**Student:** 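So that we are looking at the same thing, I have put the structure below in structure tokens.
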Amino acid sequence: MKVTRGDFRDFGSRIIKKNSINITVSIAPTAKKAAILLFDKASKKKLSCIELTQEYSMGRVYSVEISDIDVDKICYLIKEDEKAYIDPYATAVIGRDTWADEKGRKPYDYKVYSGISHLEKPWKDTNIYIEPTDMVIYKLHIRGFTAGMGMSASRVGSYKGVLSKLAYLKELGITSIEFMPLYDFEELFLESKMVISPKGKVSETTEYTGKRNYWGFGEANYFAPKASYFGGADKCVDSMRDMISTLHKNGFEAIMEMAFSKDTTHEMMLECLKYYVKYFHIDGFHIVGCNAPIERIADDPFLSDTKIFYEYIPEEILCKEAGRKHLFIYNDSFMNVTRQIENHMNGSMVQFANHMRRQNSAYGFVNYMANVNGFSMWDSFSYGEKHNFDNGEENRDGTNTNFSFNYGIEGKTTNRIINANRFREMRNAFTALMLAQSVPLFVAADEAAATHFGNNNPYCQDNKTGYTVFSKTKSKEELTGFVKELVKFRKNHKCLRGETPFLMNDYRHLGLPDMSFHGTEPWMMSIGEEQKALGVLYNGAYVDENEEVFVCYNYHYDDVNMALPLLAPGKRWRLCFNTAKYDGDFSPKPIHDQQSINVPGNSISVLVGIKMKKGAN
């Protein structure tokens with residue numbers, strides 16, 4: 001083995017030629033001495049200790065090239081003084097090949113090592129870009145999705161299980177998949193304890209608390225694909241690339257959720273995002289749970305074609321945006337406003353109407369009616385309070401701001417009326433989501449009315465409470481069918497999802513405004529706070545479509561007669577569906593009265609204006 005000064009090019013390990021690697025590390029300013037410890041990957045026997053002396057340094061960064069060594073048979077740790085730890089830039093994690101392997105790891109004190117990956121290997125991929133106006137995002141957790149689908153043990157928690165369901169996702173109308181953490185995280189909550197031997201010797205040991213980090217948020221090995229998801233540390237890079245290339249080949253975008261810990265430096269965050277774009281062709285990142293350097297991320301030329309989703313982006317950053325839209329505001333705003341008015345919690349129709357047309361020419365928004373950090377969509381209509389006691393925190397964790405309602409009974413019930421009302425509200429929620437202008441997102445199995453049993457923070461529930469379970473009942477299958485048709489309706493009517501803001505006037509002199517509001521009388525000039533019913537007219541001519549779309553939202557308890565705007569000669573209104581009386585048929589159906597329509601309480605009616613053939617009604 002030969003050790004020389006490295007190239008300082010990338011943090012972590014890189015194979016630079018056969019039997020030769022470069023390892024670059026950053027050492028803490030308080031460390032008096034540092035080293036790289038090499039181990040045999042199979043036996044974990046220490047092979048060598050490479051002292052990091054001044055000849056390998058540039059400031060506090062040390063880089064070594066190690067030659068004449070079999071790179072596939074070694075792993076390493078960084079040592080500072082007496083502490084040895086895994087490289088935060090490790091491209092693979094050795095020791096966590098099996099999910100939650102408490103028995104297998106306990107004898108080794110749950111230790112993990114830095115692996116070395118063949119990032120330099122060429123691989124085939126297909127370039128893909130989904131226009132924001134065409135996007136429908138589906139958020140999933142690889143383990144929760146595959147377990148919830150009831151797959152075989154070999155596919156639960158495996159990327160292959162996800163790939164086996166691409167046909168289902170394609171049929172559902174999904175274009176983009178947001179993956180909860182794909183990088184390697186510690187799924188066992190561990191804690192260090194000091195123990196005293198019978199002879200009085202004090203030593204430190206690691207113990208499993210019995211609780212699992214199911215979601216994967218918090219401190220993690222951000223540069224390493226999760227070994228248990230991707231067939232083990234030796235295969236994780238190739239397998240993740242296989243997943244991405246298969247997704248791209250089938251027309252899906254891959255978005256990674258990045259839940260950096262608060263201790264992660266801005267430099268590491270930036271390097272991590274660029275790493276996944278460069279080596280894995282990731283299409284976008286949803287950055288959560290940290291104070292990210294969003295201005296630097298937005299301005300980075302390497303990420304200019306990568307979609308960035310973030311809770312809050314300052315206006316001064318958004319104002320500078322030009323070219324391909326790649327910044328998206330991703331937060332609970334749409335969900336909260338819509339739940340408030342749908343669940344009769346002093347919701348504002350003004351706010352609702354504004355959120356239904358949220359759009360900007362330079363940047364985008366993401367809408368959802370539920371996300372993982374809160375009630376599932378079904379639970380938001382089944383529980384009035386959170387039920388998080390199983391998390392072991394005495395119900396203190398999880399948000400208390402849910403705007404949820406149980407519609408008569410807390411949780412599961414066999415009451416047909418209550419369940420019918422809940423399914424109606426699910427159709428209402430999906431309809432508002434899919435007919436809003438911004439990018440829609442929903443969580444896996446929300447289309448199948450999945451429940452977390454009232455737990456609105458199941459971060460540690462590696463079981464049916466945390467999984468997105470696809471249970472089959474007639475009502476749930478009908479809901480899934482409704483969602484499929486609704487997504488198809490959105491895709492077939494581009495007027496609902498324009499890339500630029502609606503101006504709400506007829507600036508091209510096409511006979512009707514691009515978008516307009518209506519009530520019990522047509523052509524509302526303003527929306528009063530007392531109103532809970534609204535008609536929204538979309539003029540298809542502004543996107544070269546032949547149909548108008550009219551959506552009647554009635555969030556009153558009682559029926560409301562909504563005015564139908566006058567169409568051009570030769571056109572008539574047809575009713576596609578009403579959420580309270582849905583019978584599985586989305587086809588436009590004739591209605592006799594062309595001046596008004598009765599919309600049942602707590603429901604939404606969707607109509608299209610169709611040019612009629614001579615002699616037709």
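Since the structure is predicted, the reported quantities are computational estimates derived from the model, not experimental observations.
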**Student:** I would like to know whether R212 and E187 meet salt bridge (Lys or Arg N to Asp or Glu O under 4.0 Å); could you show each step before the answer?
**Tutor:** CA-CA 5 Å; R212 292 185 184 176; E187 63 268 22; over 6 Å; no

**Student:** Taking distance alone, no hydrogens or angles, what donor-acceptor pairs closer than 3.5 Å link side-chain atoms of residues 140-148 to residues at least two apart or in another chain?
**Tutor:**
unit_1	atom_1	unit_2	atom_2	d
H141	ND1	R143	N	3.2
H141	ND1	G144	N	3.1
H141	NE2	Y214	O	2.7
R143	NE	D462	OD1	2.7
R143	NH2	Y467	OH	3.4
T146	OG1	I142	O	2.7
T146	OG1	R143	O	3.2
T146	OG1	G157	N	2.7

**Student:** Does K41 count as lying over the ring of Y113, i.e. NZ or CZ under 6.0 Å from the six-ring centre, within 45 degrees of the axis?
**Tutor:** no

**Student:** How about R422 and N406: does a side-chain donor come under 3.5 Å of a side-chain acceptor?
**Tutor:** no

**Student:** Could you tell me whether E271 and K274 have a side-chain N and a carboxylate O separated by less than 4.0 Å?
**Tutor:** yes

**Student:** Quick test of your reading of the model: are K121 and D238 salt-bridged, counting only N-O distances below 4.0 Å?
**Tutor:** yes

**Student:** Test: ring pair (Phe, Tyr, Trp, His ring centres under 6.0 Å). Region: residues 223-244. Which pairs qualify, not counting sequence neighbours?
**Tutor:** Y89-F223, Y159-F230, F223-Y275

**Student:** Would the distance check show the side chain of E186 and the main-chain N or O of L188 forming a donor-acceptor pair, the cut-off being under 3.5 Å?
**Tutor:** yes

**Student:** Quick one: pull up CG in N456 and OG1 in T401 and give me the separation to the nearest 0.5 Å.
**Tutor:** 10.0 Å

**Student:** Can a side-chain donor-acceptor contact be found between T451 and D379 if the only test is distance below 3.5 angstrom?
**Tutor:** yes

**Student:** Looking at K106, I'd like to know if its NZ atom is crowded, meaning that more than 12 non-hydrogen atoms belonging to other residues, nucleotides or ligands lie closer than 6.0 Å.
**Tutor:** no

**Student:** Taking the side chain as every heavy atom from C-beta outward, state whether Q461 and F453 have any atom pair closer than 4.5 Å.
**Tutor:** no

**Student:** Step by step, would you call D40 with K45 a salt bridge (Lys or Arg N to Asp or Glu O under 4.0 Å)?
**Tutor:** CA-CA 5 Å; D40 179 85; K45 179 183 177 181; over 6 Å; no

**Student:** Quick one: pull up CG in L273 and CD1 in I287 and give me the separation to the nearest 0.5 Å.
**Tutor:** 5.0 Å

**Student:** What closest approach, in Å, do A448 and F470 show between heavy atoms, and which atom pair accounts for it?
**Tutor:** CB-CD2, 4.1 Å

**Student:** Output, in order, the C-alpha distance, side-chain angles, deciding distance and verdict of salt bridge (Lys or Arg N to Asp or Glu O under 4.0 Å) for R296 and E267.
**Tutor:** CA-CA 10 Å; R296 293 178 63 187; E267 292 299 330; 2.8 Å; yes

**Student:** In Å and rounded to the nearest 0.5 Å, what is the CG to CD1 distance from D70 to I116?
**Tutor:** 9.5 Å

**Student:** Taking atom types as modelled, is there a side-chain donor on S333 or H355 under 3.5 Å from an acceptor on the other?
**Tutor:** yes

**Student:** Using side chain to side chain donor-acceptor pair (under 3.5 Å) as the criterion, list what pairs up with H266, not counting sequence neighbours.
**Tutor:** none

**Student:** Within a 6.0 Å radius of atom CD on E311, are there more than 12 heavy atoms belonging to other residues, nucleotides or ligands?
**Tutor:** no

**Student:** Are there more than 12 heavy atoms of other residues, nucleotides or ligands under 6.0 Å from atom NZ of K44?
**Tutor:** yes

**Student:** Is R14 salt-bridged to E120, going by a charged N under 4.0 Å from an acidic O?
**Tutor:** no

**Student:** Out of V61, V25, I23, which residue meets the side-chain contact (heavy atoms from CB on, under 4.5 Å) rule with L52?
**Tutor:** V25

**Student:** Within the side chain of S117, is there an N or O that forms a donor-acceptor pair under 3.5 Å with the backbone of V237?
**Tutor:** no

**Student:** Please report the interatomic distance NZ(K103) to OG1(T98), rounded to the nearest 0.5 Å.
**Tutor:** 13.5 Å

**Student:** Determine whether the aromatic ring centres of residues Y363 and F365 are separated by less than 6.0 angstrom.
**Tutor:** yes

**Student:** Donor-acceptor pairs under 3.5 angstrom involving side-chain atoms of residues 29-36: please list them, not counting sequence neighbours.
**Tutor:**
none

**Student:** Could you tell me if K386 and N400 have a donor-acceptor pair between their side chains, going purely by distance under 3.5 Å?
**Tutor:** yes

**Student:** If you count every heavy atom of other residues, nucleotides or ligands that lies below 6.0 Å from K235 atom NZ, does the total exceed 12?
**Tutor:** no

**Student:** How about W123 and H118: are their ring centres within less than 6.0 Å of each other?
**Tutor:** no

**Student:** Applying salt bridge (charged side-chain N to carboxylate O under 4.0 Å, His left out), name anything that partners K307, two or more places apart in sequence or on another chain.
**Tutor:** E253

**Student:** Using a cut-off of 6.0 Å, state whether more than 12 heavy atoms not belonging to E295 lie near its atom CD.
**Tutor:** no

**Student:** Check the surroundings of atom OH in Y168: do more than 12 heavy atoms from other residues, nucleotides or ligands lie under 6.0 Å from it?
**Tutor:** yes

**Student:** Pairing donors with acceptors under 3.5 angstrom, does anything connect the side chains of H387 and N455?
**Tutor:** no

**Student:** Could you tell me how the ring of W215 sits relative to the ring of F217: parallel (under 30°), tilted (30 to 60°) or perpendicular (over 60°)?
**Tutor:** tilted

**Student:** Please report the interatomic distance CD1(I137) to CZ(F252), rounded to the nearest 0.5 Å.
**Tutor:** 13.5 Å

**Student:** Indicate yes or no for a side-chain donor-acceptor contact from Q340 to the backbone of T338 under 3.5 Å, with no hydrogens or angles considered.
**Tutor:** no

**Student:** List the residues meeting ring-ring contact (aromatic ring centres under 6.0 Å, His included) with F405, not counting sequence neighbours, and say none if there are none.
**Tutor:** Y407

**Student:** Can you see which heavy atom on V93 is nearest to which on A224, and at what distance?
**Tutor:** CG2-CB, 3.9 Å

**Student:** Hey, are K165 and E171 close enough for a salt bridge, meaning a charged N less than 4.0 Å from a carboxylate O?
**Tutor:** no

**Student:** What class does the angle between the rings of Y330 and F309 fall in, given that below 30° is parallel, 30 to 60° is tilted and above 60° is perpendicular?
**Tutor:** perpendicular

**Student:** Between K211 and Y459, is any side-chain donor less than 3.5 angstrom from a side-chain acceptor?
**Tutor:** yes

**Student:** Is K139 close enough and on-axis enough to F442, meaning under 6.0 Å and within 45°, for cation-pi?
**Tutor:** no

